[in-house]
Amino acid sequence: MAYFFEGASHTFGEYLLVPGYSSSECIPANVDLKTPVVKFKKGEQSAITMNIPMVSAIMQSVSGDKMAIALAKEGGISFIYGSQSVESEAQMVAKVKGYKAGFVTSDSNIQPEDTLADILALKEKTGHSTVAVTEDGTANGKLLGIVTSRDYRITRMPLHTKVKDFMTEFEDLICASDTTTLKEANDIIWDHKLNCLPLIDKEQKLKYMVFRKDYDSHKENENELLDSSKRYVVGAGINTRDYAERVPALVAAGADVLCIDSSEGFSEWQKITIDYIRKNYGDTVKVGAGNVVDREGFRFLAEAGADFIKIGIGGGSICITREQKGIGRGQATAVIEVAKARDEYFEETGVYIPICSDGGIVHDYHITLALAMGADFVMLGRYFARFDESPTNKVNINGNYMKEYWGEGSNRARNWQRYDMGGAKKLSFEEGVDSYVPYAGSLKDNVTQSLNKVRSTMCNCGALSIPELQKKAKITRVSSTSIVEGGSHDVVLKDNSMNIK
């Protein structure tokens, strides 16, 4: 006879946090959201620690290099999607690791023999008024001059005027060596009242541009997540099929942490993949595994050597695994059980393995609930897909801006490796949908607002850190009627009301 779990499985929406005593020090500004990413021994610290408990999902429609840079600036980690060629994923990782905050690779470049008409066309295309004039018109060609809007007047100059005739020539520019630090570059900009500072190498080839307007934005990124070389931290997804080719390429590109992307992690395929990494790299390469939803699955991956373990099957907004296969578990129940298993394992072995809640987050307060229930951080797909930095198109649907969002198990993604059970190399049936999500603007603005809510709720619980929240939190189940009571009710909302005279 089949094994039956006692009680129903529950979602985050079925719980609320009950306020606890808050001291006068319990204010949002004092809340520390740092959290470990990979396993560590008792008395030691994790080799990777995030400044915020948020990572972006391993999905085509979520995590590209732009997302990775934007999220690292806020203190989190993006896992570049693995359902692409090894080469293209490695290139994305390399772009993130090669990105230097404040040092911009020029994307507006022109040759001296080009014309004012070409300058105007380039400005229309990029929106940038500062154009580098290089010998070959490339971003890293020999720098010959700069053109800004102060160098020409459309009403007084023929459009066929050569760039070399009105550009500010190299001899009149203030430049700096490509070895200049960002602080030194900003000092030069302010001392000489410049709008931009070109950085060049010994052969006068352009390397970067540093802009005055970026100074304030750099100051705003106090939480940015950097490695020991002051490069942004980035993760990358791998699968259990081509790991022997993919892992070396991603490690060479500089990936800080890997994660096996699979719909179901309680599998020998995951152990085989982790064994390969341990045999070839020891503990120097960090790799997460999953997904699991119970104690048994956690123990399996912990003993297999996973550095962190992801929880969740079928709870994503675009996931239809439960509908198609009848496999999964309510996310809240899964997190609670796996967190208990994590704590048991820590008591037995002295090794703490962080757990990541993947899926089931509908409202911002669900993040706080997941943390209170024991998760060290959460992985989000739909949440991040809505932002400017996601790699999908922004489209107008019936007068509303939307962003495209599709699951890895959809026919659009066809990520068969994620749902692989060792059979034919194909997606037998869909386990995800192709959809739209409401466009929400920039990542920074939204993450800041969401985490403000998390900090405020933690203060209501009397907690100033995630471990303290997990110790002090009081959680209650709610009834269907109390869920209705918790929202606006028995009123006519202005936005939805008729125009009554």
pair Asn51-Leu33: side-chain heavy atoms closer than 4.5 Å = no

Starting at CZ of Arg299, measure out to CG of Asp294 and round the result to the nearest 0.5 Å.
-> 12.5 Å

Between Thr11 and Gln331, does any side-chain donor sit less than 3.5 Å from a side-chain acceptor?
-> no

Should Phe308 and Lys39 count as side-chain neighbours, where that means a heavy-atom distance under 4.5 Å?
-> no

Indicate whether the side chain of Asn239 and that of Asp261 have a donor and an acceptor atom separated by less than 3.5 Å.
-> no

Should we count OH of Tyr281 as having more than 12 external heavy atoms under 6.0 Å?
-> yes

Quick one: CD1 on Ile466 to OG1 on Thr35, what's the gap to the nearest 0.5 Å?
-> 4.0 Å

Greater than 12 external heavy atoms within 6.0 Å of Lys230's NZ | no

Checking Leu258, Ile272, Ile260, Ile277 against Tyr243 for side chain to side chain contact (heavy atoms under 4.5 Å, CB included), the one that qualifies is Ile272

Would you say the side chains of Lys205 and Asn140 form a donor-acceptor pair under 3.5 Å?
-> no

Distance-minimising heavy-atom pair for Thr49 and Lys34 | CG2-CB, 4.2 Å

Could you walk me through whether Val335 and Phe12 pass side chain to side chain contact (heavy atoms under 4.5 Å, CB included), step by step?
-> CA-CA 10 Å; Val335 170; Phe12 293 131; 4.1 Å; yes

Short N-O contact, Lys97 and Asp227, less than 4.0 angstrom = yes

For the residue pair Phe103 and Tyr208, does the interplanar ring angle fall in the parallel (under 30°), tilted (30 to 60°) or perpendicular (over 60°) class?
-> perpendicular

Are side-chain heavy atoms of Leu71 and Phe79 found at a separation under 4.5 Å?
-> no

Would you tell me whether Thr180 and Glu184 have side-chain atoms, one donor and one acceptor, within less than 3.5 Å of each other?
-> no

Is any side-chain heavy atom of Val133 less than 4.5 Å from a side-chain heavy atom of Val147?
-> yes

Strictly by modelled atom types, are Lys403 and Ser390 linked by a side-chain donor-acceptor pair under 3.5 Å?
-> yes

Are the side chain of Arg278 and the backbone of Gly305 linked by a donor-acceptor contact shorter than 3.5 Å?
-> yes

Could you check if a side-chain atom of Val96 sits within less than 4.5 angstrom of a side-chain atom of Met92, using non-hydrogen atoms only?
-> no

Could you tell me whether Asp275 and Lys271 have a side-chain N and a carboxylate O separated by less than 4.0 Å?
-> yes

Val247 to Ile238 - nearest heavy-atom pair and separation | CG2-CD1, 4.0 Å

Answer whether the closest heavy-atom distance between the side chains of Asn291 and Glu264 falls below 4.5 Å.
-> no

Side chains of Thr148 and Thr130, donor plus acceptor under 3.5 Å = no

Ignoring hydrogens and angles, tell me if any N or O in the side chain of Gln270 forms a donor-acceptor pair with the backbone of Gly290 under 3.5 Å.
-> yes

Go through the steps to decide whether Thr392 and Ser61 satisfy the test side-chain hydrogen bond (donor to acceptor under 3.5 Å, both in side chains), and finish with yes or no.
-> CA-CA 6 Å; Thr392 64; Ser61 55; over 6 Å; no

For residues Phe387 and Tyr383, establish whether the separation of their ring centroids is below 6.0 Å.
-> yes

Determine all donor-acceptor pairs shorter than 3.5 Å in which one atom belongs to a side chain in residues 367-379; sequence neighbours excluded.
unit_1: Asp376; atom_1: OD1; unit_2: Tyr352; atom_2: OH; d: 2.6
unit_1: Asp376; atom_1: OD2; unit_2: Arg342; atom_2: NH1; d: 2.8
unit_1: Asp376; atom_1: OD2; unit_2: Tyr352; atom_2: OH; d: 3.3
unit_1: Asp376; atom_1: OD2; unit_2: Ile355; atom_2: N; d: 2.8

Is there side-chain contact between Met67 and Leu443, with at least one heavy-atom pair below 4.5 Å?
-> yes

Smallest separation among heavy atoms of Phe300 and Ser267, with atom names | CE2-O, 3.2 Å

SB check Lys142 Glu203 (cutoff 4.0 Å) = no

For Gln111 and Gly137, work out which heavy atoms get closest and say how close.
-> CG-N, 3.3 Å

Of all heavy-atom pairs linking Val93 and Gly254, the shortest is CG1-C, 4.0 Å

Distance only, no hydrogens: is a donor on one side chain within 3.5 Å (strictly under) of an acceptor on the other, for Ser9 and Thr333?
-> no

Is there a side chain to side chain contact (heavy atoms under 4.5 Å, CB included) between Ile77 and Leu225 once you walk through the steps?
-> CA-CA 8 Å; Ile77 296 176; Leu225 191 60; 3.5 Å; yes

Side chain to side chain contact (heavy atoms under 4.5 Å, CB included) between Met50 and Val55, intermediate numbers included | CA-CA 9 Å; Met50 288 191 295; Val55 300; 3.5 Å; yes

First locate atom CG of Leu17, then atom CE of Met458, and finally report the distance between them rounded to the nearest 0.5 Å.
-> 10.5 Å

Output for pair (Ser177 OG, Ile200 CD1), nearest 0.5 Å, gives 8.0 Å

When Val257 is tested against each of Asp307, Val287, Ile48, Val285 for side chain to side chain contact (heavy atoms under 4.5 Å, CB included), which residue passes?
-> Ile48

For residues Ala132 and Ser106, report the shortest heavy-atom separation together with the two atoms involved.
-> CB-OG, 3.9 Å

Going from CG on Leu173 to CG on Leu143, what distance comes out if it is rounded to the nearest 0.5 angstrom?
-> 6.0 Å

Polar side-chain atom of Ser46 near backbone of Val38 as donor-acceptor pair, under 3.5 Å = yes

Return yes if a side-chain donor-acceptor contact under 3.5 Å exists between Thr240 and Thr273, otherwise no.
-> no

Decide whether Ser450 and Asp364 meet the rule of one side-chain donor and one side-chain acceptor closer than 3.5 Å.
-> yes

List for me each residue that meets salt bridge (charged side-chain N to carboxylate O under 4.0 Å, His left out) alongside Lys125, sequence neighbours excluded, and say none if there are none.
-> none

Short question: side chain of Gln84, backbone of Tyr81 - any donor-acceptor pair under 3.5 Å?
-> yes

Does the pair Phe40 and Ile353 meet the rule for a side chain to side chain contact (heavy atoms under 4.5 Å, CB included), with working shown?
-> CA-CA 7 Å; Phe40 57 94; Ile353 303 177; over 6 Å; no

Quick one: does Asp118's side chain have a donor or acceptor within less than 3.5 Å of a partner on Asp114's backbone?
-> no

Polar contact flag, side-chain donor to acceptor under 3.5 angstrom, Asp136-Thr138 = yes

Glu404 versus Tyr436, side-chain donor and acceptor atoms under 3.5 Å = no

State the CG-NZ distance between Asp358 and Lys310, to the nearest 0.5 angstrom.
-> 4.0 Å

Could you tell me whether Glu303 atom CD has more than 12 heavy atoms of other residues or ligands within 6.0 Å of it?
-> yes

Results of side chain to side chain donor-acceptor pair (under 3.5 Å) for Glu337 - residues two or more places apart only | Arg329

Note, Val210 side chain near Leu182 side chain (heavy atom, < 4.5 Å) = yes

